[in-house]
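I have placed the structure first, in the form of structure tokens, so that the comments after it can refer back to it.
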Amino acid sequence: MSPDTSVPETDRVSVTRAAGAPSVASLILGNAHGAAGADEPASASDADAPAPASSQAVPPPPPPPPAPPAPAPSQPQASSSPQASSPPQASSSPANPAAEEAPASAPAESAPDADPSVTQPIATAQAPTAAYLQRPDHTPLEAKDVEQGISRLRGPAARVVENMEASLAVPTATSVRTIPAKLLMDNRVVVNNHLARTRGGKVSFTHLIGFAIVEAIAEFPAMNVAYVEEDGKPALQTPASVNLGLAIDLARPDGTRQLLVPSIKGADQMDFAAFWAAYEDVVRRARGGALQATDFQGTTLTLTNPGTLGTVHSVPRLMRGQGAIVGVGSMDYPAEFQGASEEVVARLGISKVMTLTSTYDHRVIQGAQSGEFLGLVHRKLLGLDGFYDRVFSSIRIPYEPVRWVQDSATDPAAEAAKPARIAELIHAYRSRGHLMADVDPLSSRPRKHPDLDVQTHGLTLWDLDRSYQTAGFAGQDEWTLRGVLGRLRDAYCRTIGLEYMHIADREQRQFFQERLEHGYTKPTREEHLRILHRLNAAEAFEAFLQTKYVGQKRFSLEGGESLIPLLDSVMSAAAEAGVHEVCIGMAHRGRLNVLANLAGKSYGQIFSEFEGTAVPGSVQGSGDVKYHLGTEGTFTAESGATTRVYLAANPSHLEAVNPVLEGIVRAKLDALGADPATDGYPVLPVLIHGDAAFSGQGVVMETINMALLKGYRTGGTVHVIINNQVGFTTGPESSRSTRYCTDIAKGYQIPIFHVNGDDPEACVRAARLAFEYRERFGRDVIVDMVCYRRRGHNEGDDPR
């Protein structure tokens, strides 16, 4: 232990310099008169400098005795530089009384008789000027100004005082329970990722914990009681519903804080979606100062969350009329693991934990009841009673939640086999990922398959943050299981489900893996705007016809408007690739919209056909209807590239136009004299089908069967299915024996994109990949756009 340096040491030996001895500074700076300089008065800068802080003044040394006169040299010589090996000599002239009486502040230039042989110092000490030397060693403490004195509490602050004084009369006790938070965190990630990709919004931990508390109270109503007195006698009050109070801490501009506790009325009668909306509404009105007196009345149970400030757990006060208050502590690793690295924590299977406290009125609630209540909340947050399934279903999350399991015992053989298990999981997602894809805008049922469950492959949620060898998956040799799952689900299980593993050609399979598994780049702002403009044009056209020509048959595109940006993407890619012409064959659904917005047919001509203008010289009119007709035009891409457009007429309700269009395209190729070996196929056929027609009409499969024959080949056709999920009035379950309407085409080894029609960006991405595949391999490709039909079959019958 070192002594206190603030106390002077009286026993310390002091060292003094003998009179007349040269100073160390004079030896270093090379002053020939160092000894004499020590006796000279201080300079002006020394005189102005503040004295060092000392408890005692140091007396000046006594003046040295006069030096004897030195003999004069026979030949005076001026030394040009001092000798480093010889000590400085004393002055040969006697002391000058006038010089001694000169003021210390006189400048050196005022002494004309100064000895030129005196050597000046070659260096002088400078103050540090470097920036890093002037930085403070630590962050200075900033103190806030505090208005001293007594200030009277008024309004809400005074009300808080009254409540706290009243709470002293409530005898309380507190139960504490520590709960692992890993499953809560992982399922919240799944929910928020889906919300970010779809309708937006964010679910917090408190939303999930609060709803678990509400469900536990509904199952264990003994905690939703209050102590009252009736006629001076103690009594127990059981309310009709759960009114959950929320402790909201509001920061004021002056730095003070205000605590408000409004309540969600009838929380036990809500599903999670309604509870989430009510929670956000209460918090929004509290922050906006729009709460009413009724919002604070009737609270039966309160939820407080001091964990947002890092508090591990707290023991809050209980108000009259309430039975309990639940506190949520911070989420963090146990203290003994907070210094461990992420790799060590993952390898050991350490979860973050949080502390729940239940402070209850001991007059009406006993400790066993409080402990059992916290046990129910614990089970729900571990998903052991289907809690997360109910949450996912209420907010329409079409995926299965993460399940709670214990980490497997450390087994070197099992750990060594996990890279092979992950390889199996990757293959399963490539083959079956489309079964979990969110491609149906009309359904939110949970999509799952045993092959896509990590537990099927001997993996658990504890393996999510552990790193494994993945043999170059997505360009990396080592991934965490969480990273592998995230990339696989983004590639195969979002709003695009791709079937391609039935293709025997390895090069074609790698084509899709390289484009889907290496991540997705969002469209640029310009691409977003083009998609939006195409959607607006499609929607405005159908809305006008529905308003102007009520009840007339038009086979509208309402519910499948994403077809227009999808075809626009294909035609734009064709124009930029130098394709000479795009030939389109389609049935009735959406034909008028394609004619107006893509093929270049004028609105005036289309509207005149609705008016029924007769053909001059004809008795019965044109002999056809508007949704059978075709046209020719020119398509211009965003970049300015152009291509010709040919839309074939189709006078049949069946898909008889399919082989006709393929014959037209082959004839155009022959007329152009294109050589497939050098020129490729400069005419692109696009066939648009209905879902029931694709699986039910033999002409479709007959046309596909001829796609690779030498005499009929056209270099690949892009098939687009407007999947209304209904054939005339028949649902899919009654019209085919397969899961998809495209399953019959898998025998021809054609890749199939299933895409959600409510996601136009996904439709555009699938269309571009389909065109790129056709250009690369010269084969057919199918885009199954799953949508719906808003009105009846032909706007003249009942909607179905």
Side-chain angles (χ1 to χ4, degrees), residues 164 167 170 172-189 191-192 202-217 220 223 244-251 257 259-261 263-264 267 275-276 279 282-283 299 301-319 322-340 342 345 348-362 365 367-384 387-388 391 404:
M164 292 298 103
S167 69
V170 180
T172 61
T174 301
S175 301
V176 182
R177 193 178 187 102
T178 301
I179 300 176
K182 183 172 181 59
L183 189 70
L184 177 66
M185 298 171 67
D186 286 340
N187 277 315
R188 178 176 174 265
V189 169
V191 171
N192 286 336
K202 191 174 182 179
V203 170
S204 69
F205 292 114
T206 315
H207 291 142
L208 296 170
I209 297 170
F211 188 66
I213 291 172
V214 170
E215 282 196 353
I217 286 290
F220 198 77
M223 292 293 293
L244 181 65
L246 303 177
I248 304 174
D249 182 74
L250 300 179
R257 291 180 175 273
L259 180 65
L260 300 177
V261 191
S263 60
I264 301 175
F275 177 81
W276 179 28
Y279 187 108
V282 168
V283 173
T299 302
L301 183 80
T302 301
L303 172 64
T304 180
N305 187 10
T308 57
L309 302 176
T311 303
V312 176
H313 90 87
S314 63
V315 182
R317 302 301 306 172
L318 193 63
M319 299 295 101
Q322 301 179 27
I325 178 171
V326 179
V328 181
S330 62
M331 295 184 187
D332 204 345
Y333 291 108
E336 57 269 26
F337 295 101
Q338 291 182 9
E342 295 182 1
V345 169
L348 296 178
I350 306 300
S351 169
K352 287 187 176 182
V353 296
M354 67 177 181
T355 303
L356 286 185
T357 61
S358 170
T359 301
Y360 53 93
D361 189 338
H362 215 329
I365 298 175
Q369 294 173 312
S370 176
E372 188 175 353
F373 163 71
L374 290 180
L376 280 177
V377 179
H378 190 163
R379 286 180 53 84
K380 290 182 180 296
L381 294 180
L382 293 186
L384 300 181
F387 172 75
Y388 294 106
V391 170
W404 173 262

Atom CD of E342 with >12 non-hydrogen neighbours under 6.0 angstrom: no
Shortest non-hydrogen contact from A267 toward L244: CB-CB, 4.4 Å
I248 and V282, any side-chain heavy atoms less than 4.5 Å apart: yes
Minimum heavy-atom distance between S175 and G367, given as atom pair plus value: OG-O, 4.1 Å
Between T359 and T172, a side-chain donor and acceptor under 3.5 Å: no
Residue pair S370, S358: steps toward the side-chain hydrogen bond (donor to acceptor under 3.5 Å, both in side chains) verdict: CA-CA 7 Å; S370 176; S358 170; 2.9 Å; yes
Exercise: identify the closest heavy-atom pair between H362 and A173: CD2-CB, 3.5 Å
Side-chain ion pair, K352 and D332, N-O less than 4.0 Å: no
Parallel, tilted or perpendicular, as decided by the 30° and 60° cut-offs, for the rings of F211 and F275: tilted
Separation between CG of L374 and CD1 of I179, rounded to the nearest 0.5 Å: 7.0 Å
Non-hydrogen side-chain atoms of L208 and L184 separated by less than 4.5 Å: yes
Shortest non-hydrogen contact between L318 and A324, atoms and distance: CD1-C, 3.7 Å
Side-chain heavy atoms of K202 within contact of R188, under 4.5 Å: yes
Beyond-backbone contact of L301 with I325, side-chain heavy atoms, under 4.5 angstrom: no
Rounded distance [0.5 Å steps], NZ in K182 versus CE in M331: 13.0 Å
Main-chain N/O of L381 paired with Y388 side-chain donor or acceptor, under 3.5 Å: yes
M223 side, atom CE; L376 side, atom CG - distance, nearest 0.5 Å: 10.5 Å
Side-chain donor-acceptor pair present, Q322, T299, cut-off under 3.5 Å: no
Considering all heavy atoms, the nearest L183-G383 contact: CD2-N, 4.0 Å
Y333 vs V353 side-chain heavy atoms within contact, under 4.5 Å: no
Reported CG-to-CZ distance for the pair L356 and R177, which is rounded to 0.5 angstrom: 9.0 Å
F387 side chain near L382 side chain, heavy-atom distance below 4.5 Å: no
Extract all donor-acceptor atom pairs below 3.5 Å that involve side chains of residues 303-315 and protein atoms in other chains or at least two apart in sequence.
| unit_1 | atom_1 | unit_2 | atom_2 | d |
| --- | --- | --- | --- | --- |
| N305 | OD1 | G307 | N | 3.3 |
| N305 | ND2 | T206 | OG1 | 2.9 |
| T308 | OG1 | N305 | O | 3.2 |

Min side-chain heavy-atom separation P180-W404 under 4.5 Å: yes
N/O donor-acceptor pair under 3.5 Å between N192 side chain and V203 backbone: yes
Working for ring-ring contact (aromatic ring centres under 6.0 Å, His included), residues F205 and H207: CA-CA 5 Å; F205 292 114; H207 291 142; over 10 Å; no
Sub-4.5 Å side-chain heavy-atom contact between I365 and F373: no
